[in-house]
Structure formats: structure tokens, C-alpha cells
Amino acid sequence: MTIPSLMRFIDHGSGGTPEVLQLAQTGVPVPAAGEVLVKVAYAGVNRPDCLQRSGRYPPPPGASPILGLEASGHVVALGEGVTQWKLGDAVCGLANGGAYAEYVSIPAGQALPIPAGLSLLQAAALPENYFTVWTNVFQRGRLQAGESFLVHGGSSGIGLTAIQLAKAFGAKVLCTVGNADKVAACLKAGADVAIDYRQQDFVAQALAATEQKGVNIILDMVGGDYMQRNLQTLAIDGRLVQIAFLQPSKTEVDWIALMVKRLTFTGSTLRPRSAADKAQMAHELQTQVWPLLEKGQALPVIHQVFELDQAAQAHALMESSTHIGKIMLKVAGD
């Protein structure tokens with residue numbers, strides 16, 4: 001296959017509101033040692049993309065300045081030293097940036113085969129959410145079968161992934177959402193309890209669902225006044241895992257519960273993690289989660305697919321928080 005010298009990509013210029021996103025042309029990246037060049041079929045849209053576009057989440061040193069953290073497609077070039085992939089392989093992968101484009105370079109260890117039975121569209125919806133949930137809920141949060149798990153923002157891409165994976169691994173799953181349609185979607189995805197935070201107090205509801213013991217793990221992307229309420233909701237030896245702040249990250253918290261309940265408070269961001277860390281996550285996903293996907297379990301929920309040149313509409317939808325599941329960009333398609 002002949003690789004062109006130029007490709008289409010989404011340029012976010014100097015940043016701003018979604019309207020700054022424009023289709024433009026740039027050179028096709030050359031894969032560095034240890035990377036594969038992928039001709040992109042689909043790319044996923046994620047909140048970090050919106051933060052980067054608005055100037056609040058600069059890419060780490062050495063990463064592509066182009067938006068986009070996940071993609072699916074076919075390998076069209078191999079960087080030096082890559083032996084686990086060959087030209088033509090269908091892959092999905094966690095990019096360090098650059099997926100809003102016709103071609104993206106991905107570290108070979110962060111690429112995964114397409115799970116049997118899944119389309120390229122479904123596969124592109126996997127990496128960012130499944131890497132994030134795996135490392136935070138299962139590695140850092142140490143979720144075990146029989147434990148109770150609460151995820152805030154249950155109808156988001158990450159939320160629905162967390163619900164399905166936690167349920168598949170034997171947890172009792174609770175979530176919070178903002179309306180009745182999202183309650184229904186989360187229950188359909190496998191949640192045991194879906195709490196409409198606009199109508200109900202999630203602390204009281206979670207305690208009632210756990211015989212007043214509290215939940216073992218909370219995955220939070222809200223912050224703000226949820227911080228204190230999360231501490232109230234957790235059980236003895238509970239774990240709070242913070243992955244984002246939709247509300248302010250600075251708030252007043254009485255930490256006495258941390259000691260009294262012997263709580264663990266942790267968190268992480270995915271993008272700055274080392275290639276070795278991400279490769280280990282990919283290995284664990286392939287061995288632990290890919291078999292579930294191939295049985296038709298824990299599949300990604302896709303809300304809407306936009307053409308690449310509709311990236312501005314995709315970002316506007318993401319920031320409206322009205323979506324249920326993943327927002328995707330079609331680049332080349334299947």
C-alpha cells in the first residue's frame with residue numbers, strides 16, 4: 001500500500017470553543033522505533049480531547065499535538081524493532097495523541113487485535129475507556145468479586161464501561177446519572193442500582209442499597225462537593241479512585257472519615273503513564289477482558305458517529321453531557 005505524504009486531520013489551532021476545530025492537511029507521521037503507523041478507520045472522542053482543545057490539558061512532551069487518544073484501523077508501516085505486528089493487521093490502540101487524522105502512530109505495545117466478532121467502529125471505542133477503567137478500578141481500586149462498586153457519571157463512555165466490567169467480574173454495581181433515560185440505560189447495561197442525583201441523595205441511596213455498610217469502591221470524575229459525600233458513602237476499608245474533576249478540584253473536606261474508616265484515596269491520569277505501563281495494561285486487557293468481548297459481554301455502547309469534518313459537533317455533544325455512551329469519528333470507515 002502506498003502511503004501518501006499528506007493527510008487530513010482536525011486542527012484545533014490556538015484553542016477555544018468547539019468551533020475552532022477545522023479540517024486541515026499535514027504530513028503523514030513516520031513511525032518511530034517501537035511504533036506502528038495505522039491508517040485510521042474510526043477514532044473515539046473523549047473528555048481529555050475537549051480539555052486539550054480548550055487549552056487546559058497540553059499533550060505531554062514528545063506526544064503528537066493533534067487531538068485524539070484512540071483509534072482503530074490497519075497497520076501500514078512498522079517502526080524499527082516492531083515484531084509483534086505485520087502490515088495489514090487490523091488493530092485498535094491507545095494513541096499518545098494524533099488520532100483525529102487519517103494516519104496515526106501508536107506505540108506497538110499499546111495496540112491490540114480487534115476482538116473476534118467486533119467491528120472496527122466498536123473496536124475504536126475500546127482503548128481509552130477500557131484502559132482507564134482497568135487501571136483505576138481493577139489495578140488501583142483492587143475490585144474483587146462480591147464487593148460493591150459505585151461509579152459517578154454512569155451513562156458516560158467510562159461509566160458504562162465500568163458498570164459492565166465490574167458486573168462481569170462479580171461486583172454489585174451502583175451508579176449516579178442525571179435523568180430517567182440515563183437510569184434506564186445504566187440498568188440495561190447491568191447496574192444493580194441507578195441513582196438519579198437530581199431527584200435522590202446518592203449517599204442515602206447507596207447506604208440503603210448496602211444495608212448501611214457503604215460501598216467498597218467509588219470511581220469519581222466529578223469532584224467538588226462530591227468529595228465529602230463520597231467519604232460518607234464508602235464502607236470501612238473503602239477505596240475512592242479519582243480520575244477527573246468536572247466540578248472544582250479545590251473544595252473543603254473533613255478528612256476524619258479517612259482515618260475512622262481506614263479509607264484509601266487514590267487517582268491517576270492515563271496519558272502521562274509510561275509506554276511500559278500502558279503495554280502491561282494492554283496485555284491484561286487482552287487476557288482478561290478481550291475474552292468477555294468475544295462472548296458478546298461488556299461491549300461498548302456507541303451513542304453517535306460523526307464524520308471527521310464534524311468534529312466540532314462531536315465536541316459540542318460531549319460537552320453537553322446529553323449523550324449516553326461513546327461519541328465516535330468516522331475517518332475511513334470499515
Visitor: Would you say that Val30 contacts Leu37 through its side chain, given a criterion of any heavy-atom pair below 4.5 Å between the two side chains?
Guide: no
Visitor: For the pair Leu240 and Leu234, evaluate side-chain contact (heavy atoms from CB on, under 4.5 Å) and give the outcome as yes or no after the intermediate values.
Guide: CA-CA 8 Å; Leu240 171 58; Leu234 282 165; 3.8 Å; yes
Visitor: Run Asp196 and Lys182 through salt bridge (Lys or Arg N to Asp or Glu O under 4.0 Å) and show every step you take.
Guide: CA-CA 8 Å; Asp196 183 344; Lys182 292 181 177 181; over 6 Å; no
Visitor: Compute whether any side-chain donor of one residue and acceptor of the other, for Asp334 and Tyr42, lie under 3.5 angstrom apart.
Guide: yes
Visitor: Looking only at heavy atoms, which two atoms of Asn96 and Lys278 are closest? And how far apart?
Guide: OD1-NZ, 3.1 Å
Visitor: Let me confirm one number: the NZ-CG distance from Lys261 to Leu258, rounded to the nearest 0.5 Å.
Guide: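 Between atom NZ of Lys261 and atom CG of Leu258 there are 10.5 Å.
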Visitor: Measure centre to centre between the rings of His315 and Tyr100, then say whether the value is under 6.0 Å.
Guide: yes
Visitor: State the OG-CD1 distance between Ser268 and Ile243, to the nearest 0.5 angstrom.
Guide: 7.5 Å
Visitor: Leu292, Val133: one ILVMFWY side-chain cluster at the under-4.5 Å cut-off?
Guide: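 The answer is yes; both residues are in one hydrophobic cluster.
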Visitor: Does the pair Tyr57 and Asp49 meet the rule for a side-chain contact (heavy atoms from CB on, under 4.5 Å), with working shown?
Guide: CA-CA 8 Å; Tyr57 191 46; Asp49 304 339; over 6 Å; no
Visitor: Flag yes if Ile158 and Leu67 sit in one hydrophobic cluster, no otherwise; membership is Ile, Leu, Val, Met, Phe, Trp, Tyr, and two members link when side-chain heavy atoms are under 4.5 Å apart.
Guide: no
Visitor: With side chains defined as the heavy atoms from C-beta onward, is the minimum distance between Ile66 and Ile10 less than 4.5 Å?
Guide: no
Visitor: Testing the basics here: between Ser105 and Pro29, what is the closest heavy-atom pair and its distance to 0.1 Å?
Guide: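 Closest pair (atom of Ser105, atom of Pro29, distance): OG-CB, 3.8 Å.
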Visitor: Please report the C-alpha distance between Arg47 and Ser321 in whole Å, then the side-chain angles of each, then the deciding distance to 0.1 Å, and finally whether the side chain to side chain donor-acceptor pair (under 3.5 Å) criterion is met.
Guide: CA-CA 10 Å; Arg47 290 218 178 254; Ser321 293; 2.7 Å; yes
Visitor: Return yes when atom CD of Gln84 has more than 12 non-hydrogen atoms of other residues, nucleotides or ligands closer than 6.0 Å, and no otherwise.
Guide: yes
Visitor: Val36 and side chain to side chain contact (heavy atoms under 4.5 Å, CB included): which single residue from Val104, Leu87, Leu78 fits?
Guide: Leu78
Visitor: Please find the pair of heavy atoms, one from Asp220 and one from Gly223, that lie closest to each other, and give the distance.
Guide: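 In terms of heavy atoms, the two residues are closest at OD2-N, 3.1 Å.
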Visitor: The test is side chain to side chain donor-acceptor pair (under 3.5 Å); show your working for Asp254 and Gln228 and say whether it passes.
Guide: CA-CA 7 Å; Asp254 182 348; Gln228 188 70 59; 5.6 Å; no
Visitor: Measuring from Gln313:CD to Met318:CE, what's the distance to the nearest 0.5 Å?
Guide: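 Interatomic distance, Gln313 CD to Met318 CE, rounded to 0.5 Å: 14.5 Å.
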Visitor: Salt bridge or not for Asp201 and Arg229, using N-O below 4.0 Å?
Guide: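 Judged by the 4.0 Å cut-off on N to carboxylate O distance, Asp201 and Arg229 do form a salt bridge.
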Visitor: Just so I know, are the side chains of Glu307 and Val331 near enough to count as touching, which here means a heavy-atom distance under 4.5 Å?
Guide: no
Visitor: With a sphere of 6.0 Å drawn around CD of Glu80, does it hold more than 12 non-hydrogen atoms of other residues, nucleotides or ligands?
Guide: no
Visitor: Within the distance-only criterion (no hydrogens, no angle test), does the side chain of Asp192 pair as donor or acceptor with the backbone N or O of Val173 below 3.5 angstrom?
Guide: yes
Visitor: Taking a hydrophobic cluster as the set of Ile, Leu, Val, Met, Phe, Trp and Tyr residues connected by side-chain heavy atoms closer than 4.5 Å, whether directly or through intermediates, do Ile106 and Val91 fall within one such cluster?
Guide: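 Linked within one cluster.
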Visitor: Does a side-chain heavy-atom distance below 4.5 Å link Met227 with Gln242?
Guide: yes
Visitor: Is there a side-chain contact between Asn136 and Gln139 in this structure, where contact means two heavy atoms from C-beta onward sitting under 4.5 Å apart?
Guide: no
Visitor: Is Leu329 linked to Val305 within one hydrophobic cluster, defined over Ile, Leu, Val, Met, Phe, Trp and Tyr using a side-chain heavy-atom separation of less than 4.5 Å?
Guide: no
Visitor: Checking Asn129 side chain against Leu126 main chain: does a donor-acceptor pair fall under 3.5 Å?
Guide: no
Visitor: What do the steps show when you test Glu128 against Lys326 for salt bridge (Lys or Arg N to Asp or Glu O under 4.0 Å), and what is the final call?
Guide: CA-CA 11 Å; Glu128 176 71 12; Lys326 288 289 293 185; over 6 Å; no
Visitor: With a 4.5 Å limit on heavy-atom distance, are the side chains of Pro248 and Thr251 in contact?
Guide: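 Answer no - side chains too far apart.
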Visitor: Looking at Glu294 and Ala116, would you say the former's side chain and the latter's main chain have a donor-acceptor pair under 3.5 Å?
Guide: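 Yes.
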Visitor: Test Val260 against Ile236 for side-chain contact (heavy atoms from CB on, under 4.5 Å), laying out the working first.
Guide: CA-CA 8 Å; Val260 173; Ile236 300 293; 5.8 Å; no
Visitor: Which heavy atom of Asp181 sits nearest a heavy atom of Asn179, and at what distance?
Guide: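 Closest approach of Asp181 to Asn179, heavy atoms only: N-OD1, 3.1 Å.
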Visitor: Does the gap between the ring centers of Tyr130 and Trp134 come in under 6.0 Å?
Guide: no
Visitor: Side chains of Trp255 and Phe265: closer than 4.5 Å at any heavy-atom pair?
Guide: yes
Visitor: Taking it one step at a time, do Arg56 and Ser54 satisfy side chain to side chain donor-acceptor pair (under 3.5 Å)?
Guide: CA-CA 6 Å; Arg56 291 177 287 162; Ser54 65; 3.1 Å; yes
Visitor: Check whether any side-chain N or O of Ser320 sits under 3.5 Å from a backbone N or O of Leu317 as a donor-acceptor pair, and report yes or no.
Guide: yes
Visitor: How about Asn216 and Gln144: do any of their side-chain heavy atoms sit closer than 4.5 Å?
Guide: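 They are not in side-chain contact.
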Visitor: Can you give me the closest heavy-atom contact between Ala95 and Gly68, atom names plus distance?
Guide: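 Smallest interatomic distance, heavy atoms only, reads CB-O, 4.1 Å.
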Visitor: Using only heavy-atom distances, determine whether the side chains of Gln280 and Arg273 contain a donor-acceptor pair under 3.5 Å.
Guide: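 Distance-only check fails for Gln280 and Arg273.
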Visitor: Can you check salt bridge (Lys or Arg N to Asp or Glu O under 4.0 Å) on Glu19 and Arg53, steps first, answer last?
Guide: CA-CA 10 Å; Glu19 291 74 24; Arg53 185 210 72 231; over 6 Å; no
Visitor: Any idea which heavy atoms bring Ala99 and Val40 closest together, and the distance?
Guide: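 Distance-wise, the nearest heavy atoms are O-CG1, 4.1 Å.
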Visitor: For Pro107, is there any backbone N or O sitting under 3.5 Å from a side-chain donor or acceptor partner on Gln110?
Guide: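 Between the backbone of Pro107 and the side chain of Gln110 there is no qualifying donor-acceptor contact (under 3.5 Å).
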Visitor: Report yes or no: do Val28 and Val82 belong to one cluster of Ile/Leu/Val/Met/Phe/Trp/Tyr joined by side chain heavy-atom distances under 4.5 Å?
Guide: yes
Visitor: Mind telling me whether Phe202 and Tyr226 have parallel, tilted or perpendicular rings, with 30° and 60° as the class edges?
Guide: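 The arrangement is tilted - the two ring planes meet at 30° to 60°.
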Visitor: Supply the atom-to-atom distance Leu112 CG to Cys92 SG, rounded to the nearest 0.5 angstrom.
Guide: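 Reported value, rounded in 0.5 Å steps: 5.5 Å.
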Visitor: Once rounded to the nearest 0.5 Å, what's the spacing between atom CG of Leu285 and atom CG of Leu94?
Guide: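 Taking CG in Leu285 and CG in Leu94, the distance rounds to 9.5 Å.
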Visitor: Going through the distances and angles, do Leu150 and Leu219 end up as a side-chain contact (heavy atoms from CB on, under 4.5 Å)?
Guide: CA-CA 6 Å; Leu150 168 63; Leu219 182 66; over 6 Å; no
Visitor: Is the backbone N or O of Gly153 less than 3.5 Å from a side-chain atom of Ser156, with the two atoms forming a donor-acceptor pair by type?
Guide: yes
Visitor: Say whether, by atom type as modelled, one donor and one acceptor occur between the side chain of Glu102 and the main chain of Arg8 under 3.5 angstrom.
Guide: yes
Visitor: Between OG of Ser148 and NZ of Lys172, what distance do you get to the nearest 0.5 Å?
Guide: 7.5 Å
Visitor: Just do the side chain to side chain donor-acceptor pair (under 3.5 Å) check on Arg239 and Thr264 with the steps written out, would you?
Guide: CA-CA 5 Å; Arg239 289 89 78 194; Thr264 299; over 6 Å; no
